[in-house]
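Read the structure below first, then the notes.
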Amino acid sequence: MTERKPRKDAARNRVAVLAAADTLFAECQSPQDVTMADIAAAAGVGKGTLFRAFGDRTGLIHALYAARLEPVRDAVEAGPPPLGPATPPLQRVPALLDAVLCFKLDNRHLALALEQAGSDSPYRTEHYERWHALLRGMLERIPGLPDSDFTAHALLAATRADLVEHLAGEKRVPREELRRRLASFTAGILGARAREGSAGPG
């Protein structure tokens, strides 16, 4: 029984830390304002607990992002249409992009913090590579659509956290208007690119 207490404490502390970090990122003016000391104080734990559990601030951000994203990932991997794997790609591609946009609108500062964290390219992060591979696979199933790799990058670029923050935060574009614009943009790319591919060289 005595061996289980540290594990229970660690699990309880992890939940408290993620909850505190979630609140701080949601309420902050800028994600850069949220420090490890702030999170530790809000969670009621020592800074050493944070570093032992998550390694550093980037590790904590990754863990929180993954926890928040889990419902979306579950819906994409095993859910019903329009996000689930049984959905035809022409319907699933816009549904996936809409889900990513809504997630970033709901978690604007956290998503921005993730894109800003670390010195590596945001295109080499695990979450981006996962979405890109999934989207590229869908696009490859659309007849006549050329260059699915580049098209996947172009479509995901429309959901980047810095762009979402600029449009929703600075320009005050309403949520439903952003969703409408993304749907229109996606439909235009899928339709135009598919027609290009099917037409072939003139």
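When a residue number appears, it is its place in the shown sequence, counting from 1.
Asp147 has its side chain out of reach of Leu139: every pair of non-hydrogen atoms, C-beta onward, lies at least 4.5 Å apart. Looking at heavy atoms from C-beta onward, Thr125 lies out of side-chain contact with Trp131 at the 4.5 angstrom threshold.
For the pair Leu135 and Leu97, the tightest heavy-atom approach, listed with the atom from each and the gap, is CD2-CD2, 4.1 Å. Nearest heavy-atom pair across Met36 and Asp56 is CE-C, 3.8 Å. Across Ala53 and Arg14, no two heavy atoms sit closer than the pair O-NH1, 4.3 Å. When all heavy atoms are compared, the tightest approach of Arg141 to Pro143 is O-CD, 3.3 Å. When all heavy atoms are compared, the tightest approach of Pro85 to Val76 is CD-O, 3.5 Å.
Taking OG1 from Thr151 and CD from Glu140, the interatomic distance works out to 10.5 Å, rounded to the nearest 0.5 Å. For the atom pair CD of Glu165 and CD of Glu170, the computed distance is 6.5 Å after rounding to the nearest 0.5 Å. Distance check: Leu105 CG to Leu101 CG gives 4.5 Å after rounding to the nearest 0.5 Å. Going from atom OG1 of Thr159 over to atom CZ of Phe185 covers 10.5 Å, rounded to the nearest 0.5 Å. Here CG of Asp33 is found 8.5 Å from CG of Asp38. Values are rounded to the nearest 0.5 Å. Expressed to the nearest 0.5 Å, how far CG of Leu134 lies from CE of Met138 amounts to 3.5 Å.
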With side chain to side chain contact (heavy atoms under 4.5 Å, CB included) as the criterion, how do Val100 and Leu96 come out once you've worked through the C-alpha distance, each side chain's angles and the decisive distance to 0.1 Å? CA-CA 6 Å; Val100 172; Leu96 174 64; 4.3 Å; yes
Determine, step by step, whether His62 and Glu126 satisfy the side chain to side chain contact (heavy atoms under 4.5 Å, CB included) criterion, reporting the C-alpha distance in whole Å, the side-chain angles of both residues, the deciding distance to 0.1 Å, and the verdict. CA-CA 10 Å; His62 276 279; Glu126 181 184 356; over 6 Å; no
Applying side chain to side chain contact (heavy atoms under 4.5 Å, CB included), run through Phe103 and Arg68 and close with a yes or a no. CA-CA 9 Å; Phe103 175 82; Arg68 296 286 288 162; 3.9 Å; yes
Mind running salt bridge (Lys or Arg N to Asp or Glu O under 4.0 Å) on Glu176 and Arg179 for me, showing each step along the way? CA-CA 5 Å; Glu176 292 308 311; Arg179 295 180 67 192; 3.3 Å; yes
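Listed by chain and number, the residues in a side chain to side chain contact (heavy atoms under 4.5 Å, CB included) with Ala37 are Thr35, Lys47 (sequence neighbours excluded). Annotation: salt bridge (charged side-chain N to carboxylate O under 4.0 Å, His left out) contacts of Arg175 (sequence neighbours excluded): Asp106. Residues passing the side chain to side chain contact (heavy atoms under 4.5 Å, CB included) test with Leu90, sequence neighbours excluded: Ile142, Leu190. Take Thr23 and apply the side chain to side chain contact (heavy atoms under 4.5 Å, CB included) test, not counting sequence neighbours, and it matches Glu27. The side chain to side chain contact (heavy atoms under 4.5 Å, CB included) search around Val15 returns none, not counting sequence neighbours.
Between Phe25 and Tyr65, the distance separating the two ring centers is not shorter than 6.0 angstrom.
Annotation: Gln29, atom CD; neighbour count of heavy atoms from other residues, nucleotides and ligands within 6.0 Å does not exceed 12. Surrounding CD of Gln32 are at most 12 heavy atoms belonging to other residues, nucleotides or ligands under 6.0 Å away.
A side chain to side chain contact (heavy atoms under 4.5 Å, CB included) with Phe54 is found for exactly one of Ile61, Leu18, Thr49, namely Leu18.
Here the side chain of Thr186 pairs a donor or acceptor atom with the backbone of Leu182 at under 3.5 angstrom. Listed for the Asn107 side chain is no donor-acceptor partner under 3.5 Å among the backbone atoms of Leu110. The backbone N or O of Val34 sits less than 3.5 Å from a side-chain atom of Arg57, completing a donor-acceptor pair. When atom types are taken as modelled, the side chain of Asp98 and the backbone of Pro94 share no donor-acceptor pair closer than 3.5 angstrom. Between the side chain of His109 and the backbone N or O of Cys28 there is at least one donor-acceptor pair closer than 3.5 Å.
Classification of Glu177 and Arg181 as a salt-bridged pair holds, one side-chain N sitting under 4.0 Å from a carboxylate O. A salt bridge between Glu115 and Lys104 is present, with a side-chain N of the basic residue lying under 4.0 Å from a carboxylate O of the acidic one.
For residues 74-94, the set of pairs meeting the side chain to side chain donor-acceptor pair (under 3.5 Å) definition, not counting sequence neighbours, is empty.
Under the 4.5 Å side-chain contact rule for hydrophobic residues, Leu60 and Leu112 do not share a cluster.
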